[in-house]
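The structure appears below as structure tokens.
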Amino acid sequence: MTHRDEVQNSSPLPDGQSDTFAWVFGNPGKGVALSNTRLRAADLRDAQRQSGNIPIEDRRATPLLLEIEVLIDTTAREARRELARLQGAGTTEPLGTRRFSSYPRPMRYIGTVQGLSGLIQDICAVGIADGVVLIPLSPHPTEKLIMTEVAELIA
């Protein structure tokens, strides 16, 4: 049902920021790639509302990707602990990005590999988006877990 592309992105994101690494997961039949139209939403309800406002002709023409900032660990408790550590250090922005106040923050997922893979599958299954762009908030252990465990569960 899904595939993954690990992409080192040298081009800027739609709002002028750039991310060091982003992982794209989605429906290969739709031609999902990092260059597709991106949706930035506060939560799933907002994503569904925005997605529903896109004309069906446009949705058929270009795959839609939902941006998600992620921080995952082996347990949800460890992920929340890492988030608290990052917040205490004032570093809860994704790696290599700059934030502009005029642009909304993507939705966030803080938790486990299993929870993230279920979220991705649900987003695609209910048609909110054709895929997701995962933007890590912290390299360790998020990047390793995305490359190994999330990729295996989604594949």
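- The two residues Thr112 and Ile72 come nearest to each other via the heavy atoms O-CG2, 3.9 Å.
- The two residues Val132 and Ile123 come nearest to each other via the heavy atoms CG1-CD1, 4.1 Å.
- The CG atom of Asn53 lies 8.0 Å from the CD atom of Gln50; values are rounded to the nearest 0.5 Å.
- In this view, Asp122 satisfies the salt bridge (charged side-chain N to carboxylate O under 4.0 Å, His left out) rule with no residue, not counting sequence neighbours.
- Put simply, the residue from Thr37, Leu39, Val24 that forms a side-chain contact (heavy atoms from CB on, under 4.5 Å) with Leu65 is Val24.
- Applying the side-chain contact (heavy atoms from CB on, under 4.5 Å) test between Val70 and each of Val133, Ile135, Thr142 identifies Thr142 as the sole match.
- Residues Arg105 and Glu69 have side chains in contact (heavy-atom distance under 4.5 Å, counting atoms from C-beta outward).
- With sequence neighbours excluded, no residue forms a side-chain contact (heavy atoms from CB on, under 4.5 Å) with Thr74.
- With hydrogens and angles left out, the side-chain atoms of Arg85 and Ser138 include no donor and acceptor closer than 3.5 Å.
- Nearest heavy atom pair, residue Ala79 against residue Gly111, reads CB-O, 3.5 Å.
- With rounding to the nearest 0.5 Å, the separation of CG in Leu44 from CZ in Arg49 is 13.0 Å.
- Using a 4.0 Å cut-off between charged nitrogen and carboxylate oxygen, Asp130 and Arg59 count as a salt-bridge pair.
- Glu67 approaches Arg40 most closely through the heavy-atom pair OE1-NH2, 2.7 Å.
- Side-chain atoms of Leu137 and Ile110, non-hydrogen and from C-beta on, do get closer than 4.5 Å to each other.
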Hey, mind stepping through Arg108 and Ile68 against side chain to side chain contact (heavy atoms under 4.5 Å, CB included) and telling me if it holds?
CA-CA 5 Å; Arg108 281 189 172 180; Ile68 305 174; 5.9 Å; no
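- You'll find the side chain of Glu82 reaches within 4.5 Å of the side chain of Leu86, heavy atoms only.
- Judged purely by atom type and a 3.5 angstrom limit, Ser117 uses its side chain to pair as donor or acceptor with the backbone of Gln114.
- With rounding to the nearest 0.5 Å, the separation of CZ in Arg60 from CD in Glu57 is 7.0 Å.
- The backbone N or O of Ile54 sits nowhere less than 3.5 Å from a side-chain atom of Asp58 that would complete a donor-acceptor pair.
- Checking side-chain atoms of Asp43 against main-chain N and O of Arg45 turns up a donor-acceptor pair under 3.5 Å.
- Between Leu64 and Ile128, the closest heavy-atom pair is CD2-O, 3.7 Å.
- Across all non-hydrogen atoms, the minimal contact from Gly127 to Ser51 is O-OG, 3.7 Å.
- Salt bridge Arg81/Glu78: present, at least one basic N to carboxylate O contact under 4.0 Å.
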